[in-house]
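These notes are about the structure you will find just below.
Residue numbers start from 1 in every chain, and the chains themselves are labelled A, B, ... in the order their sequence lines are given, proteins ahead of strands. Just so we're clear, the structure is a prediction, and the values are computed from it rather than from any experiment.
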2 protein chains.
Amino acid sequence: MASTRERIVTATAELFRRNGYTGTGLKQIVGRAEAPFGSLYHFFPGGKKQLGAEVIREAGLPYAALFDIYIASADDLVAGIEQAFAGAGETLVETDYADACPIATVALEVASTDDGLRRATAEVFEAWLATGTEACSTFGLSREAARALAIATVTSLEGAFVLSRSLRSTEPLDAAGATVAARARELLSTSAGSARHPRG
Amino acid sequence: MASTRERIVTATAELFRRNGYTGTGLKQIVGRAEAPFGSLYHFFPGGKKQLGAEVIREAGLPYAALFDIYIASADDLVAGIEQAFAGAGETLVETDYADACPIATVALEVASTDDGLRRATAEVFEAWLATGTEACSTFGLSREAARALAIATVTSLEGAFVLSRSLRSTEPLDAAGATVAARARELLSTSAGSARHPRG
DNA sequence: TAAGTTCTAGATAGATCGCTCTAGTGAGAG
DNA sequence: CTCTCACTAGAGCGATCTATCTAGAACTTA
């Protein structure tokens, strides 16, 4: 069994993802984590805010690896993007439209209400964009084009999650994937650099 | 002064937009609306859920008109899309990154927790997509292409709002606008139909 | 005027919120 | 063995949550 601290973080991340920050209670967290209430304030003396900030970072940062899995290691940039959106759609359906972005709900909740938590979400998004820019720039795109495409990928995924979860349909995710793919083709065609994988 | 019911709806919409559903208390609502607590349950006997559902619809549906303003009445589809994203960015900056989508935060909060409220958000998004599809199809796009572009517009806006509010920057909104514009050009170029505005 | 309806007004209930507090447990160090 | 300290355990605090309740004001209609 994982350590108490780990169980608290994991349980909080799961509850934040589904119920958001204000929708998640501390009693609910320790209940799901099977942890004593006192342990929560032992590990997170700053209370809910400290726990929230650490969960945002610990749950969010690992998702940057998806850029490596889907984009950086793909033979074709456009195909990699399409597979990323398809994979997101599969996860969404498998979890009954519950597990999408780990921090999006919290990010919107705290954007105008708590600057400390907002900064935590901003750090995660910036980390994703940095990894995404790196992944995209290996295909011969300029730094600016790679960052633009990374932003397009993340924003389209986030927005598609909003609509797909609300409509309970992967149609928004499909349309968003096609849109980012179009942008990738456009940026590749105007790129002066050579594609990394013109032929394996 | 607006009617008590109207003041309650307006105040709730403003609070939902910034603080979300669970982050908004009924006392807070009647306080801002300058309405007696009893009136809230007089007009909304179903309590917070009924109020929430009606606010989602009443606050969300009018935004469909933005498709008419920015897209349907534009001379050029791509330019209209770019102006829509630029306008969203201006609003965001003017309101200190607070006023973005009126229902996005609530939509994510309730997607997996309350099916009645989820359906209310789904109705609003579908209404937007219907208006958006109508607006895009006047430029000679097929029904499928017009709907794909409408979805791309809404999802990109929603996702860009998430990142822009978190990062406190319009960069995501700019990149998202360029992405949807690229998709519009692609769909227009492969469209068999004739553009509505090839020349005034 | 009288009766009836709509809306205002807010006290209050019962549950839950984040958080603090004290007490106890258990493993490793000296 | 004893001391120490990290951790467990949960009762309970004041505040706030949604919701209910009664009472009265204001307006409409007979």
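- Considering only side-chain N and O atoms, A:T4 lies under 4.0 angstrom from the phosphate OP1 or OP2 of D:dT8.
- Listed nucleotides C:dC7, D:dA11, D:dC17 differ in distance to B:K27; the shortest reach to its side chain belongs to D:dC17.
- Note: A:I81 CD1 to A:T179 OG1 = 11.0 Å, rounded to the nearest 0.5 Å.
- For A:L26, whose side chain is taken as the heavy atoms from C-beta onward, the closest listed nucleotide among D:dA19, D:dC7, C:dC19 is C:dC19.
- In this structure, CD in A:E158 is found 12.5 Å from CG in A:L163, a value given to the nearest 0.5 Å.
- Note on A:G47: only backbone sugar-phosphate atoms sit closer than 4.0 angstrom, heavy atoms only; bases stay farther off.
- Rounded to whole angstrom, the span from the CD atom of B:E6 across to the C1' atom of C:dT8 amounts to 17 Å.
- The nucleotide whose nearest atom lies closest to any side-chain atom of B:Y41 is, among C:dT8, D:dA6, D:dT20, D:dT20.
- DNA chain D is contacted by both B:Q28 and B:P45; B:Q28 maps to the nucleotide lying nearer its 5′ end (nearest heavy atom per residue).
- Heavy atoms of A:T24 sit under 4.0 angstrom from primed sugar atoms or phosphate atoms, though from no base atom.
- In the set D:dA9, D:dA11, C:dT8, the nucleotide with an atom closest to the side chain of A:P36 is D:dA9.
- With rounding to the nearest 0.5 Å, the separation of CG in A:D114 from CZ in A:R119 is 10.5 Å.
- Put simply, CZ on B:F37 is 7 Å from C1' on D:dA19, counting in whole angstrom units.
- Defined by atom type and a distance below 3.5 Å, a donor-acceptor pair is present between the side-chain atoms of B:T22 and B:E109.
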